[in-house]
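In what follows, chains are A, B, ... by sequence order, proteins preceding strands, each numbered from 1.
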Amino acid sequence: MTPISDPWSLRAASLRHGHTSRPCGATRQPLKRDIMAPTLLQKLFSKKAGAAAAKDYPGPDLCWASSELDLNQIRLIVYQDCERRGRQVLFDSKAIRKLDAADQKNSDDAQTKTQTRCYKAHRSGAYTINAPGAPAACQPCDGEALPSYQYTRPASDVNMLGEMMFGSVAMSYRGSTLKIHYIRSPPQLMVSKVFSTRVGSTTGSTSTLQDSFEYIHQEPAAGKSCPSQSGLASQNSSSIAHSTPVDMPSRGHNEDGDSGIARSASLSSLLVTPLPSPSSSLTSSCASSYQRRWLRSQTTSLENGPVPRWGNEEIFSLSDESCSSNPAVIRRKKIAVSIIFSLPEKEEENRSFQDFFFSHFPLFESHMNKLKTAIEKAMILCRRIAESSQRVQVYLCRVMDALGEFRTTIWNLYMAPRVTEPVWLTMVSQAADKSPLCQRFLQELTLLTEHTAKSHFLAALLTAVLTYHLAWVPTVMPSDHPPIKAFSEKQRSQTVDMLAKSHPYNPLWAQLGDLYGAVGSPVRLARTVVVGRRRELVQRVLQVLTYFIRCSDLQENVMRHAGQCAEAPPGGPTLTTTLERGEVERSEYVVVSVQDDPGKPRDAEAPPSLGGLGAAPSSEPRHMDGAGALGGLPQQSPDLRGPRSVCLPQQSPLLNRVQFRIGSADSTDSDLESRQREMDQSYRQYRESLEESSETRPAGGDLEEPPSDCQAQTGPSEHLVQTPELEPSRKTPPPNPESSASRLQGATARLGPGRLASYGSVGRKLPVRLTGDIRRNESSDSALGDSDEEEASSEQTGMRRGTEAHGGPREEQELPLPRSETFSRPDVNNFGRSLFGGYCPQYMPDFVLHGTGSDERLKLCLYSDLEHTVLHPALDEPIAEAVCIVADADKLTVQVATSQRRVTDSSKIGKDVLVSSLVSNLLHSILHMAKLNISPDFCIMHLENRLQEVYFKSKMLSEYLKGQKRVHVKELSLVLGIESSDLPLLAAVASTHSPHVAQILL
Amino acid sequence: MNALVALCHFCELHGPRTLFCTEALHPPSPSPPQPGLSIAGDRDREADREGEGLTMRANGSASQRADMCEGCRSLPASHPGFVSVDNETGIRFLSHQHPRQPQLFSVVRQACVRSLSCEVCPGREGPIFFGDEQHGFVFSHTFFIKDSLARGFQRWYSIVIVAMDRIYLINSWPFLLRHLKLTIQGLQNTALKVFDSEQCVCPQRAVRMNSVFSPAVFPHQRSGNAARSLPSLTQHPDLWASLHSSFSWLLKACGSRLTEKLLEGAPTEDTLVLIERQTEQEEEMIGWEGAEGGCSLPQRNQSDNELGRDFLCDGGKGEELPGPKFKSLRHLRQVLGAVEFRQLAWHVLMGNQVIWRGPDPSLIQSAFSVLKALLPVGCVRSVPYSPQYEEAYRCNFLGLSPDVPIPAHVSSSEFAVLVDVVNAEPNAQCPTLLNKVEVALSNENLSVEVVSHCLLCLKEEWMNKVKVLFKFSKVDGRGREDTQKVLALLGATGPGEDDNVRLLKFWITGLSKTYKSHLMTAVRGGERTLSQ
């Protein structure tokens, strides 16, 4: 085998650990390596694709990690809001001073012997990245530990922060509340979770802790003075004494609860009947991705009203599970856990951290939940300790540990090295020639296959990866439309594209689910860690896996308001009707100047501009002369000569200037015809409604002045001339084209099919509105225009009647959507770019894939991480199982650890992976095809075809299992030719398109 | 975006009030109808219809209207609200003072109260995010608007964005903040201008300082001032239309801010060939139309249907005609017997001509449609029923009436099978594919669907081998030795090797033109890059 070089450059990570700590040697190592001369492969690659890609994608090193994260920038505050005692700070990392070795020289000397690991960990104020030893969460804090923390004067801002956490008025809501605040100076971001507490019926909860703080204060040995916490608390409580809980309108959920809409995509996917299995090769493409996204958009839809999805019962537990809490005794008490990030002062760094924070929020939140659990445990634990000073120390020590853990995790998430060019994503995003990429990938793959052939390492790893990171399945499901461009190019799923437009869901969420492989049923969340001392080998493995762990590529679309189109030319306004640009068909607009030609057949006329009409009512009489502000005027059709049509400005000289832009370039004659037909109908409706409304609304004339004088005299010119007086104010918003407020020209109107339905009703109601409004405004000097009430009701009934009579056309006044220009650019702050970790100094819990040199920490944390993932998945939906694939590149073993069962054998991390013969055959074929010098592109195509075969096999399996209740594995191999080693893979693949498979096989 | 935007105001007389609210209504269900999924969509539509009338709005706000002033109101009660339709997606953006759905009414109300009187924002102006699963999640931005007549010369407003998907909302924070800021600055600047001009005319500070303070009159004085509306503060009569536009845009832009590029697999060869044939057919049609002066549309559709049905493996055309027919490969096998069937299938797979002679066209047709399933679509050239013999290069499936003579060279050929007269022994070793098909067919436990999936798997598996062989021998033009290696690699060697190779070679003819031309051009392209 050729000597393995380091083809994948890593970003130069530098560490800054607060003030005292310094990066340890092991983390320095990567820095050195990175500067090493580029290898052959690197050269080869960077010449073409690499250079292009680097230009397109500023790698992770260029985006979020442009700023460094200081561990001390992360502050933790735990606050309590109690009915009786008011607000109390239970923890503030800023107010805690650790007793440094220097400070405590004497005591240190005396106590080195009894020093616990716990203490050691505190030294640096935070965990060093490579800190050996147990993570805080796993490590029991020794109750006998010496006091190493000291509560000092609370920071000056805690009162304010408390107000922000709990709000100025208490809420009666019982569930947990999430809040994010931005504090301008100094720039900080605060994330708070406010929980209701569950208090055991025994002792008075945290009051003991509070007492303990007082104790510290009194304890002279503790060093510097700190003001009494209770004093602080009483101060707080007095300041909010006046506030009474706001009773929030609570809504009944019974209605939605059993509506049949499953609120979770994953759970419902179990209930959903399996997708229709296509009998021919014409399958519905990307069915499972589509469905998952569609369900997400439905479950988070506002249109169904807010329905709590899950995890509503999150509370802060102040009691052991053992002592059952008596619900009657529960006092109203809330606990807020807040994390405050100090933001960098530099604008750029500030923004890049914020972008990272907000796009990766689910991960932050998940770690916050972990922190909260640790705080809970610390509180419960310390209450058992009788001695006050010790109690505080145990509490502080535990919470500081948890905070250290949190800080480290966040630091890692932000700063750790990444795979700069994940193969799959690069292929997806790169429009240009993919051959170099294919070639490079194939080279890696074959090298690795050969290198590990004996141990089947790669085959086993790939089996596991394909079994759990299932998002590759939709990418091989055959599409049923012809390729647009080159054949080998897979195409964008059009159905999903359309869905995203019509039913927006969160693409970031979709991507995260893809990466974690949470696309099957039941939902499993998978990660992969490659452990190995040989850095190059590990990196090679990582690189190869980034082809198989797939997700969608995200693009950011920047939409700008189109330039102000309807700016009035001197001498008079021009009414422009715009259609926003169709994004699919790249078409220009046809601009039609409509001339006011009475002799013209009405079919050819554009419908009246509703915008102009709509603007009229809100223009008050006193403004009318000055600031008519109607950018244009409604156009009138000869047909509208109903009794009320007089009030519509009809014969404006400006009509000649009215410009309608209709449709797109490819709008054909027939299109126009249909539009005209619609218009006809709309006019007919309008006429009818006019007649009817004059019948059904006897009061119409009584309430208002006769409509005829409403505008006939004021005339269009008064109304419609845009006077310069108001112009300044309308233009004042900053010259940014995106500023949307006050940009709309009141009278822009829009012509298009589908709009016209509302035309009739709007026109019909208009006269009423006009006069009504004017009257109201006239009387606006008096405090409240009381007459509105009656008017409104009578109008409403009239309107309703009209609406009902006409089968309920919508009554809203139609306005055009602001036209915007869209340009796309690759999105950098997405999970596809951030969750492929590189060769990291230690195991990390977030990454979908990463490599590390040692499995020490992995062994310690893995199971607690998996359990945590099941409890608080970053995916924002319930999951059934969390899985971690651990590949040992030194021993060449692959094991799978799952949250569902711990391995009894202590030498193992998880269960060994059965090598699928499908996968090993596939690798074998590719390897030999490459050896036969078949072009890399073709080999990759063949690889995809073989993956597609796996998909077809899974379809067969699911079809076979349809009628079955229990199936023997032997039977499968006999009947379908499915080998038992392939079964886990095929079953997992099948579960992405046929949920019933899981129920039978798993 | 699955959210709504609302403008809220803290009225000095009436407390927090929702002024103006823009919702996005999505089209019911864009999904290809799938059983079990349409329920939600239907319900949506129901809800839609319910909300259509004015009842909701009236109910919701009736209680409030009594204590509303100018400042607490946006659109007059008589105003129908605004709507904008995104034609591309069918999303409708609706604006009213309050949301139309009753459950959303309280959600917005809650968001409004929390944003203006519960949550604390440092500096009072700025963004906050808050929310819970029950009440939805809210991104709120509070701000002041200058008012020369108001207490402290300013009024307090907020714009809230309410959504159920908190992750989405939080992800969108930077975007929302950026754009809301612009909207807010726009409002503030216009109001400031108005404020300045009003102050010029009548400096309120002076008025207030000079006026005699009397507790009795004070509240009354103030209440008159409290009634100023936002349009009057900004002197922007079209403010609400403008806000509607702005909010609609925000919802739209935020929803499409990020898009996924999600790839799907390449179409199968069968799909490609079908599409190609259809295109050809259509082109022919167009040619015809040109010649004959246009053929009517229904006819064309019909022929399309026939075409599709013809190629689909399970074509259901036989149903129209009476008489016996073959329902499945297994059925055919039962009728013919295992041995005969094996022979027949062998000929089919090898690409030999299958001539079926008999009086019943529908029977023959059904037999063909069943047998076609064994082959890639591209390999099937069929003449269902012909009055005279057609050459093998024209068709590998040929149906004939009983009295049609068959040329001697054909009937004696081993490359043809005549079903009414069985002849031509297949080789002792059968292609691997056939063996596997037989296993599946002979197992009565497998349903027809499973068998067809099984067949699909086998065909695709062999099609992939075909592609490699094609690439290797036809495109790259490798020698015999290498070809042998590749055959071994493909698992085509060993028992039945001759037949396997023969099958592969026949199947190469079934590759789609698209695929073949792609490989050819790829090679040329590849050579070019190599030479560079």
Side-chain angles (χ1 to χ4, degrees), chain A residues 163-164 167 169 177 179-180 249 261 272-273 281 285-286 300 305-306 308 312 358 361 475-479 482 487 490 493 496 501-502 504 506-507 552-553 555 559 615 618-619 629 729 732-733 739-742 744 746 769 772 783 792 795 811-812 815 817-818 876 928 945 952 956 959-960, chain B residues 1 26 30 35-36 40 77-78 80-84 89 103 106 118-120 122 129-130 132-134 136 164-165 167-168 170-171 173 182-183 186 189-190 193 223-224 237-238 242 245-246 249 253 255 258-265 267-268 270 275 449-450 453 457 460 464 489 518 526:
Chain A
E163 288 269 302
M164 285 156 65
V169 183
T177 305
K179 294 183 191 181
I180 302 175
I261 299 183
V272 163
T273 47
S281 58
S285 56
C286 275
T300 58
N312 197 26
F358 288 114
F361 181 78
T475 67
V476 300
M477 286 189 189
S479 71
F487 178 84
K490 288 167 181 259
S493 167
V496 173
K501 281 178 185 154
S502 63
N506 189 355
S552 57
D553 189 36
Q555 276 194 325
M559 288 172 84
S618 52
S619 70
S729 69
T732 38
S739 123
S740 43
S742 76
L744 179 91
R769 227 184 319 118
E795 267 172 346
E811 79 278 10
E812 282 88 2
L815 295 175
L817 269 181
D876 194 37
H928 288 274
N945 285 336
F952 282 127
M956 174 170 73
E959 191 61 47
Y960 177 69
Chain B
M1 194 190 183
H26 301 92
S78 57
F82 298 105
V83 63
S84 290
T89 60
Q103 71 264 49
S106 63
C118 301
E119 300 303 332
V120 176
F129 173 91
F130 57 83
D132 51 66
E133 287 288 345
Q134 194 182 335
M164 287 313 291
D165 190 339
I167 301 295
Y168 201 1
I170 293 172
N171 289 159
W173 169 302
L182 290 171
T183 307
N189 292 342
T190 16
K193 289 249 160 64
S223 66
D238 297 330
S242 162
S245 232
S246 167
W249 182 87
L258 291 177
T259 48
E260 282 187 288
K261 190 172 178 188
L262 187 71
L263 298 193
E264 54 191 16
T268 57
D270 282 5
I275 291 168
E449 285 76 32
V450 177
H453 268 101
C457 285
E460 287 301 326
N464 288 337
L489 185 61
H518 168 72

(message) I need the A:T475 OG1 to B:L263 CG distance, nearest 0.5 Å.
(response) 7.5 Å

(request) Can you see which heavy atom on B:H26 is nearest to which on A:S502, and at what distance? (result) CD2-O, 3.0 Å

(request) Begin with the C-alpha distance, continue with both residues' side-chain angles, and end with the deciding distance and a verdict on side chain to side chain contact (heavy atoms under 4.5 Å, CB included) for A:T300 and B:Y168. (result) CA-CA 10 Å; A:T300 58; B:Y168 201 1; over 6 Å; no

(message) Could you measure the distance from the CZ atom of B:F129 to the CZ atom of A:F361? Nearest 0.5 Å is fine.
(response) 6.5 Å

(request) Enter the distance from A:N506:CG to B:I167:CD1 here, rounded to the nearest 0.5 Å. (result) 8.0 Å

(request) State, to 0.1 Å, how close B:V450 and A:Y960 come at their nearest heavy-atom pair, and which atoms those are. (result) CG2-CA, 3.6 Å

(message) How long is the straight-line distance from OG1 of B:T268 back to CZ of A:F952, given to the nearest 0.5 Å?
(response) 5.5 Å

(request) Of all the heavy-atom pairs spanning B:V120 and A:E163, show the shortest one and how long it is. (result) CG2-O, 3.6 Å

(request) Specify the closest pair of heavy atoms between B:P267 and A:P478, including all atoms of both residues, with the distance to one decimal. (result) CA-CB, 4.4 Å

(request) Heavy atoms only: give me the nearest B:E119-A:M164 pair and the separation to one decimal. (result) OE1-O, 4.1 Å

(message) Between B:S84 (side chain only) and A:L815 (backbone N and O only), is there a donor and an acceptor less than 3.5 Å apart?
(response) yes

